[in-house]
Number of protein chains: 2
Amino acid sequence: MYEVKVYVMYKESILDPQGEAVKSAIHRLGYDEIQEVRMGKYFEMKVTKKEKSFIEKRIEEICDRLLANVTMESYQYEIMEAR
Amino acid sequence: MYEVKVYVMYKESILDPQGEAVKSAIHRLGYDEIQEVRMGKYFEMKVTKKEKSFIEKRIEEICDRLLANVTMESYQYEIMEAR
């Protein structure tokens, strides 16, 4: 089995209103050392073991079609062997 | 400066309805090798450089007070030196 982690974030050029809101809340609590916050989505998946290059291709398809809006968001993923 | 990454997920024992919904959508698209999906929140922060142990303490406070609902969610973080 593989364990796959996917991170989806707004692209750098896109304003991230959730991250801005979280930053304001952090500052209201007095944590002034936090300069910037960006917020994204995180997915952990368990995947049936097959050829790794096949799984990479499939994960990219799932990200492109479902998990990320590639116009505004970028994604990264890690595939690890598990068990 | 530090770059801090924080991952917040429902605890294993808590049902994750968003993850279940994403899994169903993935299966409807025909990606049957995906066995399990859990969805969480991901934060990237830029933090002013101070003593690392101090920053660890502050990040844990921010997670406990603001980013995670520790009754239902668990979090992990990584602190990396940047620039």
Side-chain angles (χ1 to χ4, degrees), chain A residues 1-10 12 16 18-52 54-68 73-76 78-79 82-83, chain B residues 1-10 12 16 18-52 54-68 73-76 78-79 82-83:
Chain A
M1 203 181 58
Y2 292 115
E3 203 170 283
V4 177
K5 298 180 180 192
V6 177
Y7 314 89
V8 179
M9 301 281 284
Y10 280 120
E12 284 287 336
D16 169 16
Q18 280 187 300
E20 288 298 312
V22 170
K23 188 176 79 177
S24 300
I26 287 173
H27 286 169
R28 276 196 301 277
L29 292 176
Y31 301 96
D32 294 323
E33 67 274 28
I34 310 297
Q35 294 173 19
E36 209 185 302
V37 180
R38 292 184 76 82
M39 184 170 170
K41 291 173 281 185
Y42 173 58
F43 301 89
E44 268 181 18
M45 297 188 231
K46 290 191 169 43
V47 182
T48 305
K49 188 144 190 182
K50 296 189 180 174
E51 189 70 41
K52 192 157 180 183
F54 173 78
I55 295 297
E56 279 175 13
K57 204 176 123 283
R58 299 282 274 184
I59 295 296
E60 286 179 19
E61 279 180 29
I62 291 169
C63 289
D64 286 332
R65 295 178 69 183
L66 193 72
L67 303 184
E73 293 172 324
S74 63
Y75 61 84
Q76 286 179 283
E78 291 167 40
I79 300 176
R83 229 175 283 165
Chain B
M1 201 181 58
Y2 292 115
E3 204 171 284
V4 177
K5 297 179 181 193
V6 177
Y7 314 88
V8 179
M9 301 281 283
Y10 281 119
E12 284 287 337
D16 170 15
Q18 279 188 301
E20 288 298 311
V22 170
K23 188 176 76 176
S24 301
I26 287 174
H27 286 170
R28 276 197 299 278
L29 292 176
Y31 300 96
D32 294 323
E33 68 273 27
I34 310 297
Q35 293 173 19
E36 210 184 300
V37 180
R38 292 185 75 82
M39 185 170 168
K41 290 173 282 185
Y42 172 60
F43 301 90
E44 268 182 18
M45 297 188 233
K46 290 191 168 45
V47 182
T48 304
K49 187 144 191 182
K50 294 189 181 174
E51 189 70 40
K52 192 159 181 182
F54 173 78
I55 295 296
E56 279 175 14
K57 203 176 123 285
R58 300 282 274 184
I59 294 297
E60 286 179 20
E61 279 180 29
I62 291 170
C63 289
D64 286 331
R65 295 178 69 182
L66 192 73
L67 302 185
E73 293 172 325
S74 62
Y75 61 84
Q76 285 180 282
E78 292 167 40
I79 300 177
R83 227 176 284 162

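Note on naming: letters A, B, ... go to the chains in the order of the sequence lines (proteins, then strands), and numbering restarts at 1 for each one. Every heavy atom of this structure was used, including side-chain atoms; hydrogens, water molecules and symmetry mates were not.
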| said: Around atom CD of B:Gln76, are there more than 12 heavy atoms from other residues, nucleotides or ligands closer than 6.0 Å? | reply: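 No, because the 6.0 Å sphere around CD of B:Gln76 holds 12 heavy atoms or fewer from other groups.
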Chain A interface, residue from [options] that has the most non-hydrogen pairs under 4.5 Å:
options: B:Lys41, B:Gln18, B:Met45, B:Glu44; answer: B:Glu44
options: B:Leu67, B:Ile34, B:Val22, B:Ile55; answer: B:Ile34
options: B:Tyr2, B:Phe43, B:Tyr42; answer: B:Tyr42

| Could B:Glu61 and B:Lys57 be called an ion pair, given the rule that one side-chain N must be under 4.0 Å from one carboxylate O? |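 Looking at B:Glu61 and B:Lys57, the cut-off is met.
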| message | Between A:Glu33 and B:Arg58, does any side-chain N to carboxylate O distance fall below 4.0 Å? | response |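 Salt bridge between A:Glu33 and B:Arg58, a charged N being under 4.0 Å from a carboxylate O: yes.
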| query | Taking every heavy-atom pair that is under 4.5 Å apart, which of A:Glu36, A:Arg38, A:Lys50 has the most such pairs with chain B? | reply |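 Ranked by contacts with chain B, first place is A:Glu36.
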| Nearest 0.5 Å, what's the CE-CG distance between B:Met39 and B:Asp16? |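 Result: 8.5 Å between the selected atoms.
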| Rounded distance [0.5 Å steps], CG in A:Leu29 versus CZ in B:Arg65 |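 These two atoms lie 4.5 Å from each other.
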| request: Could you tell me which non-hydrogen atom of B:Lys52 sits nearest to which non-hydrogen atom of B:Ile79, and how far apart they are? | output: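 Residues B:Lys52 and B:Ile79, closest heavy atoms: NZ-O, 3.5 Å.
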| query | So what's closer than 4.5 Å to chain A heavy atoms on B:Lys5: side chain, backbone, both or neither? | reply |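 Neither part.
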| request: Heavy-atom distances under 4.5 Å only: say whether B:Leu66 touches chain A with side chain, backbone, both or neither. | output: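 Side chain only.
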| request: Against chain B, label A:Lys23 side chain, backbone, both or neither, depending on which of its atoms sit under 4.5 Å from a heavy atom there. | output: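 A:Lys23 has no heavy atom closer than 4.5 Å to chain B.
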